[in-house]
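Here the structure is laid out as structure tokens; the discussion comes afterwards.
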Amino acid sequence: MKFALITGTSRGLGESIAEFLLESYVHVIGVSRTKNLGLQAKAKEYNVNYIHLTTDLTVANEVEEMIIKANEILSEYEVNSLYIINNAGMLEPMNQAKEVDSKKLIKHFQINALTPMMITNNFLKLSEKADYTLTIANITSGAATKAIYGWSAYSSSKASLNAYTQTVGIEQNVLKTYNKIFAFSPGIMDTDMQKHIRIQDKDAFIEVENFKNYKKSNLLKDTDVVAGVFLDILTSESEIRNGEIYNITDYI
């Protein structure tokens, strides 16, 4: 039986990925602050499980509790393969570094970097006892390798996630496990996150006009299209290169 644990399933790319996996008869544990009734209906249509765990992924204690609950759920089934998709993330705080509030910075790094690490670390250990293989995907960004004015937090957190992915990939190769881990950069998509970018003040985010033009020029990718490319990589487990950073631009 195949299961997927996906963070950030309330909307956007996470919702699209979850929907496609349910249609492929993969059981899904969705993690976000709000439930997605559409995914629950989709699961019922395909006679698979969609189990929602309400969690604030910016709070470490809630992440730890979610991991325990998810493991309890998985232990009730004969799972032989688990996809972990660390998709949830945030852009805030978007501002000059000197204006960034420390509390907001801590929450940012928790959801963008620490939460994926905590989930992955725990399930690497749990999978040894449960005897299922892991395929772990971390959703990253082009900002991880490009400094962008006003995005000191976002660029840094995604760069951290990339380095973590590469390091764990090396470990899996050396240990000769069957686990796979990779990161995927989805490019600019037509999401609520993009809407939020377009209303930023230029003093905080100097490239705001460029992002407004992406929308005007119809350059934002549909999340279903991006999810389709992502799932082609995810489900070709034997061909995944451990620690690789895959980019949507290499495919479409």
Side-chain angles (χ1 to χ4, degrees), residues 6-14 31-34 55-64 66 84-121 136-168 181-215 220-221 223 226 243 245-249:
I6 310 171
T7 63
T9 50
S10 59
R11 59 184 183 272
L13 182 61
V31 185
S32 60
R33 283 181 295 183
T34 56
T55 309
D56 184 345
L57 294 166
T58 69
V59 180
N61 288 345
E62 290 199 30
V63 175
E64 290 174 341
M66 178 276 293
I84 292 180
I85 302 158
N86 292 307
N87 163 73
M90 65 189 300
L91 276 166
E92 293 289 356
M94 282 188 285
N95 211 333
Q96 299 171 33
K98 67 187 179 81
E99 302 295 341
V100 172
D101 176 78
S102 295
K103 290 182 180 178
K104 291 181 179 179
L105 186 64
I106 290 168
K107 281 194 168 187
H108 178 99
F109 266 84
Q110 179 64 56
I111 191 170
N112 280 18
L114 298 179
T115 289
M117 293 179 190
M118 290 169 66
I119 293 171
T120 301
N121 290 352
I136 304 154
N138 294 322
I139 303 302
T140 184
S141 168
T145 57
K146 177 186 177 184
I148 298 175
Y149 184 104
W151 281 13
S152 60
Y154 189 66
S155 292
S156 299
S157 63
K158 291 300 185 180
S160 173
L161 189 60
N162 281 7
Y164 172 81
T165 302
Q166 292 167 329
T167 303
V168 176
I181 184 169
F182 68 97
F184 177 74
S185 181
I188 50 174
M189 298 177 288
D190 198 4
T191 61
D192 288 345
M193 186 179 285
Q194 284 292 321
K195 292 179 184 177
H196 187 61
I197 292 171
R198 294 195 296 271
I199 63 171
Q200 296 304 303
D201 185 270
K202 193 172 182 179
D203 289 338
F205 180 51
I206 205 167
E207 293 192 31
V208 64
E209 291 301 322
N210 290 339
F211 280 77
K212 289 179 181 179
N213 288 330
Y214 294 149
K215 178 66 173 178
L220 301 179
K221 297 179 180 67
T223 57
V226 176
I245 314 297
Y246 293 91
N247 197 308
I248 189 71
T249 57

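The first residue in the sequence is number 1, and the count goes up from there.
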Not counting sequence neighbours, which residues clear side-chain hydrogen bond (donor to acceptor under 3.5 Å, both in side chains) with [X]? List them please.
X	value
S157	H108, N112
Y246	none
Q110	T115

Q | Stepwise side-chain contact (heavy atoms from CB on, under 4.5 Å) test for M90 and Y154 | A | CA-CA 8 Å; M90 65 189 300; Y154 189 66; over 6 Å; no

Which heavy atom of [X] sits nearest to which heavy atom of [Y], and what is that distance?
X	Y	result
D101	K103	OD2-N, 3.1 Å
A88	T7	N-OG1, 2.9 Å
T140	S185	CG2-N, 3.7 Å
A143	W151	CB-CE3, 3.9 Å
L161	P116	CD1-CB, 3.7 Å
S32	T9	OG-OG1, 3.8 Å

(Q) Less than 4.5 Å apart, side chain to side chain, heavy atoms only: is that true for T223 and R11? (A) no

Q: Answer whether the closest heavy-atom distance between the side chains of P186 and I139 falls below 4.5 Å.
A: yes

Point-to-point distance, once rounded to the nearest 0.5 Å, from [atom1] of [X] to [atom2] of [Y]:
X	Y	atom1	atom2	value
T58	R33	OG1	CZ	6.5 Å
N95	L105	CG	CG	12.0 Å
K104	E99	NZ	CD	11.0 Å
I6	I84	CD1	CD1	11.0 Å

Backbone N or O of [Y] within a donor-acceptor pair of the [X] side chain at under 3.5 Å?
X	Y	answer
T55	L57	no
S160	S156	no
K158	T145	no

Q.
Consider side-chain contact (heavy atoms from CB on, under 4.5 Å). Of T165, N87, I245, which one does N138 pass it with?
A. T165

Q) Can you name the one residue among T167, V168, N162 that meets side-chain contact (heavy atoms from CB on, under 4.5 Å) with Y164? A) V168

Q | Full working for side-chain contact (heavy atoms from CB on, under 4.5 Å) between F184 and V226 | A | CA-CA 10 Å; F184 177 74; V226 176; 3.7 Å; yes

